[in-house]
Structures are given as structure tokens and as C-alpha cells.
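Notes to accompany the following structure.
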Amino acid sequence: MIATLDSNRRWRRAFLIVGGIIAAYALLAPLTSLDAAVSANVPLLADRLWFRIATYIAMFIVMATGWNIIGGITGYAAFGNVAFFGIGAYTTGMLIAKAKWPFLAALPFAPVVAALFAALVGLPLLRLRGHYFAVASLGVGVAVGELVQNIDYGGQPLFGGASGLFLPIDSIANRGLFFFYLMVAAAAISIAVTWWVLRSRFGYGLIAIRENEEAAAVLGVNTTAYKVAAFALAAALTGLAGGIFSQWNVFINQDNAFPIEYNVQMILMALLGGTGTVFGPAAGAILLQLLIQFLGGTLPISFDLPFVSETARPIVAQIILGLLLVGVVIFVPRGVIDFFGGRSRLSLSYLRRSLRETSL
Amino acid sequence: MNESSSPHRPLQADLPLAGEVKPQLELLGVTKRFGGVAAVDGVNLRVGKGEILGIIGPNGAGKTTLLNCISGVFRLDGGDIRWEGASIAGMAPHRVARLGIGRTFQIVRPFGSMTARENAAIGALFGSSDARKGPKEAFEIADQVLELVGLKAKAGRPVAALTIPDRKRLEVARAVATRPHLLLLDEVMAGLNNVEIDEALDMVRTVHATGVTVLLIEHVMRVIVGICDRAIVLESGRVLAEGEPEVVLRDERVIQAYLGERYAKRLRASGDEDGTN
Ligand SMILES: Nc1ncnc2c1ncn2[C@@H]1O[C@H](COP(=O)(O)OP(=O)(O)O)[C@@H](O)[C@H]1O
Ligand SMILES: [Mg+2]
């Protein structure tokens, strides 16, 4: 599965990538010109909304791809990675709001602080295996959000407390476009990092840890250092997304910087697209985020669900989402990237093989 | 029995027995307990560079546990282990591996999602710190060791498509790919037929010929007699006997405690067979 793809599969993958880029361009190019229309004071609601959605998608690409490094490649199911998103957001937010730093000077500290924190908690946490690690990491994710909201210093909430942290509004021209491209750049970095990891000694060591940690150790893999490094790398990427988010959103609090549901969403995205692969988590992030927004009725191409009242809609949307994911995990366990990019297409034997593998 | 106890033995360069020569690996009163029961109980052992040492003993004697102690998988409850004169007790497994001590697992532990070739490449990517390779060279070494163990034709197969004997071969290939100075083999020939055992013996000889010290645990007496310079018998975590394989296997205590008279007769017969080869 690594480095020894046959040429046939390589070609299909290349077509998939090129096709994806063309599709993305076709989708985004008119939006770029629409943004110019906005700056010319032509009111276009759909334009702003689309940019917001596209930026959110890029943000989730970063988070899902980052999670993939620890959860997919190393095999440690981290359930608390939203902590790194929040730490990144608050690091940049504090430097801008309290220390009055410019945004681009404050941004690099988001991944650095998130990675340092991950290394610190990773040392004890990554000794745990399986469910124990998953539960413990979830605990850390929740605890950090609570701490940030409740730490006081000299009688004042240090990080803005329950009322959150307001950042000074930036004077960035075309800010919708600016943050969109910044988040897309972060997504590209996260994918490039994954590509590099999977071709390096580091990546081979991580996969060996996932497949059999004790065997990896006696072959000379420094398992503790590798796991901590993978966790820190995942945290750095997630923290970067958080740092960009803080200035993009101008206001951060516990709810939007540490949303518990992001923990699950980034994992589902990686599963949906294909864990352990370079492009899988990104593909999953695009699909799932679009689906979430579509079902939630926030897309401009909105629709009415039959027999469902407006108030029941979020619940029904969640149920549809859940059923869809169960189906995906059962029938496409290696993710949509494998489904479309692999040798096997939609066929009875593919479904049979998938069922056999998941029902072990 | 113990070579080091005979003080006037002349030093012979072509006899790689421990004793007067500085041992490569030295175990001093190594002890490992599980819930108060000593699985390995004060084992003393010296292994000379270039030696092939066999370890035999009944099931549960502590052979695998001893291997786990040497490779750093288990922490010792007592005693010391020295490699080239320096203590390695308490060292993490990956650091032991980097010193050049490679091992296999009796119950195989392949990297399931990888092909045979990728499994072997992991050994070459890591392993002995004096022989680490980048990904490209690591795959070349993987091809070499797969050929050595007879898995060349199945290099591209995923682990799931390999038979149990093939997985044992892969276990060896991965350990050899680390380019160890000392290779610890835990019952890698169990379950092989006679032809396959001969192939495996050739493989061990080939690795040994490159200057690798070999410590192997086997139940197959033909292997111990056919290839080992020296054998030790473990029983209840203690060294019961030690010496040349033929001599050890004829030791009264060994026959009584482990082999049983019927087994001993069979051994004599097979020993004569070996003698004619
Ligand atoms: N991880 C372990 N935990 C508890 N007991 C163990 C463990 N490993 C081995 N033992 C016990 O130690 C003794 C020696 O086992 P082992 O070294 O596997 O024997 P051998 O390899 O000679 O068959 C056995 O009684 C076994 O039950
Ligand atoms: Mg054993």
C-alpha cells in the first residue's frame, strides 16, 4: 500500500488528482470574479456564503489531514484534536488582541504552541493504547477548552473568559478572498506534509507502529519519539487552522474554538475519504462538509426535506448523516479514494471483499 | 560443563567458545519474574562473537522470556546483561536493536497491511545504527534478504496471502534486514518439513558466514546438533546443562528432566544419521 503502487493504479490516481484540480478550478474561478463584484459594491449574498463554505471546507481539510497523521498513519485514534485547533486560535488571538501583534507575525506561533502542547501531553498519553488512548485524548480535548475559559489572572479572566476574545478587525482588503486563499494554502501544506511523511523513514516507522508496535521497536523504531512527533505534527497543522480561524472570525470563545463535534467530524472525514492516504482525508472533508451544510440548509442551493418541518430539520439531517456514514464504513471501508482510485470499481466482489474485511 | 570454570584451558583462536576470549554477549544472573514466579532464574551465559549457540528446553522453560530480556522487551528483575562489555540492562528495545541485536518472534508479528517486501524494508530502514539505509537502498536490501529466505517470488504479496511457514520466513527476513551483529531466532523452524529445515539451516549458515553471531531456540534436535557450536538446556528458568550439542543431549540429567528415554533413543538414531552426512 505504500510506495509500491502498480503503474495502472498510479495513472488512475493521477487522473483523479488532475480531475479534482480542474473541478475545483471550475467551481472557484467564477467565485473569484464574483468577489471582485462584491468589492465593487454589487450586493451578492451567494458569493460571500460560498466563500465562507469553501473556507470552512479548507479548514476541515487541514484538520482531517492532520488527524490522519496520528490517527490514520500511526493508528492512534486521537479524539481530542480540537484542543489543538483551540490552542492555535487562542495563541494567535491573544498575541493580536493583547500583545497587539500583526496577524501574520502572530500566526506562526499557533502551530508552534499547539505542537509543544501536544508533545507535552503526548508523552504520558501515547503510552496508552487502543480505547484508553482515545478516551484520554478526548478528556484532554474537553479539559483544555474548560481551562481556557476559566483561568483567571489577577481577578480577570486571562483568555477573555466566558464572554470570549474579541480581535481587532483587520484592514485586509477583500478579506473573504484573503482568508480563503490562506486556508487553502494551509490545506495544501497539510497534504504536502502527508505526502512527504509517507515517503520518508519517519512515515514507514509510523506505519510499522500502527501495524505492530512491539515488532517496530525491536527493529529499531524509537516508538515513543515517533508517536510524539506524529502527534505534534498533527497538532501543528490543526493549530495552524485555528490560528487562521481566529483572525478570520475576529471573535473566538469556547464554543467556536473548541467545538466538541469537530473531534468526531475530522475523524469521520478521514474515514470517509480513506485513512492513511495522502488525499483521502481531504476528499472526505469536502464531501462531508458539503453534505453537512446541504442537509443543514445553509447552502445557497438549499431545498426542503419532504415531510420534515423546519424545526425537526437539524435532527433529521443528523440521522441521514449518521446512516450514510454507517453505510460508508461498511461498504467502502478503505474510503472513497480507494473506491474510485483503486483497481476495484463498484462491483459485487468489491462489496463482498469490503464486508469480509470489516466483519473480522 | 561451564567453559569459564576450567582455568587452564589453552586459548584457541579457532574455537569461538566463551571463556578466555572476551564475550560479545554476557548474561550475569539474569532473572525475570511474573507475579512472584521466576520464568528466568539467575541465568549466566557467555556468547562469543561468531558463535552459533542453541537453546533447548521444555515448553515454559523460559526460553522466549530470556530472549525478551536480551532484546529489551522485558525489564530485568535481577542480574545484568552486557554487550561488548557494556551493560544494556534496562535499555529500550529500539536502542538494543540499534546496537546490532536483531530478533524474531516465536508468534509472528508481521506488519499486516504491508507486502512481504515492505515488511523486510522496515528492518533495513531501521535496525543497526551502523547500517541504516534510506528508503531506496532499504528496498534493495529487502529484495536480497527475501531471496535469502526463499520469499523472492512472493515479495509483492500482502502478508495475508502468505502461509504460516512463509510468515516465519518473513520474520527471519525482517530481522536479517536490520543487519544485526547478533541474531536471536525463536523457533523459526517449528512446523517446517525436513526439506524446508535443510533450506532454513543453509539460510542460517549463510547469515552466519557474514560474521553474524546466532543464538537460536529450537525443539528440532537435528537443528541443534547440525548447526550449533554449543547448546544450553533451560529448565524452569535455570541452565540445566551447557556444552557441545552431542554431549549435552546425552547428559543424564537432560535426558531425565526433559527428553525422556524414548526421545533419547530417537535422538541417538537421528544423531547416527547426521553422522553419516
Ligand atoms: N508476559 C508474560 N506474562 C506472564 N507470564 C509469562 C509471560 N511470558 C511468559 N510467561 C510465563 O513464563 C514462563 C516461561 O515462558 P516462555 O519463556 O514463553 O517459555 P518457553 O519459550 O521456554 O516455552 C511460562 O510459565 C509462561 O507462562
Ligand atoms: Mg517460547
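Reminder, nothing fancy here: chain letters follow the sequence lines and each chain counts from 1. The structure presented is a predicted model; accordingly, all values stated were derived computationally and were not measured.
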Using non-hydrogen atoms only, which part of B/Val73 is less than 4.5 Å away from chain A: side chain, backbone, both, or neither?
-> side chain
Side chain, backbone, both or neither of A/Phe202 within contact of chain B (heavy atoms, under 4.5 Å) | neither
Give, as side chain, backbone, both or neither, the part of B/Phe105 having an atom under 4.5 angstrom from any heavy atom of chain A.
-> side chain
Does a side chain donor of either A/Glu213 or A/Tyr226 reach within less than 3.5 Å of an acceptor in the other side chain?
-> no
Lys/Arg-Asp/Glu bridge criterion (N-O < 4.0 Å) met for B/Asp166, B/Lys168 | no
Side chain to side chain donor-acceptor pair (under 3.5 Å) against B/Thr210, all qualifying residues, sequence neighbours excluded = none
Among all residues two or more places apart in sequence or in another chain, which pass the side chain to side chain donor-acceptor pair (under 3.5 Å) test with B/Asp77?
-> none
When the 4.5 angstrom heavy-atom criterion is applied to B/Pro158 and chain A, the contacting part is neither
Donor on one side chain, acceptor on other, A/Glu211 and B/Ser113, under 3.5 Å = yes
Listed once per pair and sorted, the ring pair (Phe, Tyr, Trp, His ring centres under 6.0 Å) pairs that draw on residues 149-170 of chain B, sequence neighbours left out | none
Step-by-step salt bridge (Lys or Arg N to Asp or Glu O under 4.0 Å) determination, B/Arg117 to B/Asp143 | CA-CA 7 Å; B/Arg117 189 166 180 258; B/Asp143 289 333; 2.7 Å; yes
CA sep, side-chain torsions, deciding dist, call: B/Asp80, B/Ser87, side-chain hydrogen bond (donor to acceptor under 3.5 Å, both in side chains) | CA-CA 7 Å; B/Asp80 195 11; B/Ser87 174; 2.7 Å; yes
Tell me, out of B/Arg103, B/Glu171, B/Arg132, who's got the most heavy-atom pairs with chain A below 4.5 Å.
-> B/Arg132
For chain B, find its close neighbours in residues 122-129 of chain A: heavy-atom separation under 4.5 Å, sorted by number, or none.
-> none
